Protein chains: 2
Amino acid sequence: MEADRRTRLTPDERRAQLVALGVSYLVDHPLESLTIEYLSAQAGVSRGLLFHYFGSKKGLHGEVARTARDSMLNATAPSPELAPLDRLRDTLTRIVQFVRDHRGTFYSLVRGAASGDAEVREALEQARAVQAERVIAVFRELGAADSELLRIALRSWVAFAEEALVEGALKTDLPSEQIVAFLERSALAVAASVGTGPGATFA
Amino acid sequence: MEADRRTRLTPDERRAQLVALGVSYLVDHPLESLTIEYLSAQAGVSRGLLFHYFGSKKGLHGEVARTARDSMLNATAPSPELAPLDRLRDTLTRIVQFVRDHRGTFYSLVRGAASGDAEVREALEQARAVQAERVIAVFRELGAADSELLRIALRSWVAFAEEALVEGALKTDLPSEQIVAFLERSALAVAASVGTGPGATFA
DNA sequence: ATTCGCTATTGACGGAAAGTCAATAGCAAA
DNA sequence: TTTGCTATTGACTTTCCGTCAATAGCGAAT
């Protein structure tokens, strides 16, 4: 009874299987601690195979990070048919939902992943850039000028939101609506604070 | 000519020497890449000695991170004699100054250090907690209620400020005054956004 | 059914770096 | 000088990354 003769999959299948295992690992471990040794054992394949598919440990980490990132970006993609402020609120609502549905994954992504190798950092960097772009779009449609300071401000607001989500959505049980409302107000406040005077508001 | 007979220092001296070397390493490398091998070679001592003093690589990283953190916290300690808003502006001014004077160290601290082991993360966590506490004190003196949401808000604002400092103070050459002014306005805006209504301002 | 060819997969090898620990050797006091 | 304490060493073990020629599934051809 050889329950484990060598199983030969197509490259796409194998890749998908390995990456999926990697992403599920994020649920309760930091990415950086994901070892080639461990993942190959989990998948029941040799270590050599992982090097064949991902080239290196960094390569593996990169692909896992990008996959987790994309699933988050997809789950929180804005609805283009909504008016700017409605779209913002809708997106924020879905983000809070996602964070609470995938606690471990989100945490590993914005915390653990901020670490180690360039490839992983790059992946997270892009996620922030996308989120920032989404918010910038909202305010541009509301008539804000596209200054460099605005971009820095909203990019930083994304970092703000990540921290608030970890602290508020993961570590406390504040009602989701309250977190959404807070994030919404803070985004408006930050955008308004870009203008020199105490003038410009968007609500 | 034995330029290097075994030199015997007091534990405090040796410790200080090793940690100082570690901190200086941060100027142009991420902490996580600091290896026992390398540091022992730099210091001209055996690897075993580092394990004697720090127990493990994580232990070493932790001590380096805490030392760098403390030098930042000291350099930006608020002046108690100033009125709340003046103190806030003064602290922000000193932070921007510090960031631009110690580019590499600051970057390694808030970025690279956000990574790896629990001990390092913990050190940075405490730095954020201290900075948040300083800002909370300002707004409490201005009459803000000490709600949980306010704490989350200002804690998140610290993350916001870190991001803005990296993007604005390190990656661009915006005048310091402008960055300080922006940080100041954003802090006020965030604090104000905690109150449910569009009311409460502090300026 | 059997053979063949392509390639997915393996396992043995080499190397870097973390930890462990009993042995060694400065240095200050007797 | 000698002695005792302890700072310091260096050899050893372990873990994990990365390389590469050899092996063995599996579909296609006969």
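First the proteins, then the strands, lettered A, B, ... as listed; each starts at 1. As the structure is a computational prediction, the values presented were derived from the model and not from experiment.
- Listed by first and then second residue, the salt bridge (charged side-chain N to carboxylate O under 4.0 Å, His left out) pairs that reach into residues 150-170 of chain B are A/R155-B/E163, A/R155-B/E167, A/E163-B/R155, A/E167-B/R155, B/R111-B/E163, B/E125-B/R155, B/R128-B/E162, B/E133-B/R151, B/D146-B/R151, B/E167-B/K171, sequence neighbours excluded.
- Contacts with DNA chain C (heavy atom under 4.0 Å) in residues 48-61 of chain B: B/F51, B/S56, B/K57, listed by number.
- Summarising the geometry, the separation between CZ on A/R14 and P on D/dC26 is reported as 10 Å, rounded to the nearest angstrom.
- Contact check, A/T7 against C/dT9: no side-chain N or O comes under 4.0 Å of OP1 or OP2.
- For B/H52, there are no ring-ring contact (aromatic ring centres under 6.0 Å, His included) partners, not counting sequence neighbours.
- Taking atom CG of B/L9 as the reference point, atom P of C/dA25 lies 18 Å away to the nearest angstrom.
- Using a 4.0 Å cut-off, no side-chain N or O of A/R6 falls inside it from OP1 or OP2 of C/dA8.
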- Are B/L170 and B/L165 close enough, and set up right, to give a side-chain contact (heavy atoms from CB on, under 4.5 Å), and what steps lead you there? CA-CA 7 Å; B/L170 292 183; B/L165 285 167; over 6 Å; no
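- Within the structure, the salt bridge (charged side-chain N to carboxylate O under 4.0 Å, His left out) test picks out the following pairs touching residues 91-109 of chain B (sequence neighbours left out): B/D90-B/R94.
- With rounding to whole Å, B/I36 atom CD1 is found 16 Å from D/dT15 atom C1'.
- Around atom CZ of A/R87, more than 12 heavy atoms belonging to other residues, nucleotides or ligands sit under 6.0 Å away.
- Between the side chains of B/T76 and B/R134, a donor-acceptor pair is found at a separation under 3.5 Å.
- Toward the 5' end of DNA chain C, the nearer of the two residues A/V45 and A/R8, judged by each one's closest nucleotide, is A/R8.
- Each end of the helix from C/dA1-D/dT30 to C/dA30-D/dT1 gets its own axis, taken as the rotation carrying the C1' atoms of four end pairs onto the next four within a five-pair window, and the two axes meet at 10° to the nearest 10 degrees.
- Between B/Q17 atom CD and D/dA7 atom P the separation is 15 Å, expressed in whole Å.
- Protein atom CG of B/D117 is 13 Å distant from nucleotide atom C1' of C/dA18, rounded to whole Å.
- Formation of a donor-acceptor pair under 3.5 Å by the A/H61 side chain with backbone atoms of A/L34 is found in this model.
- At the heavy-atom level, A/R47 lies under 4.0 Å from base atoms of the strands shown.
- A salt bridge links A/E63 with A/R15: the closest approach of a Lys/Arg side-chain nitrogen to an acidic carboxylate oxygen falls below 4.0 angstrom.
- Residue contacts for A/S46: at a heavy-atom cut-off of 4.0 Å it reaches a base atom on one of the strands shown.
- Scanning for side chain to side chain contact (heavy atoms under 4.5 Å, CB included) contacts around A/T172 gives A/L174, B/E148, B/I152, with sequence neighbours left out.
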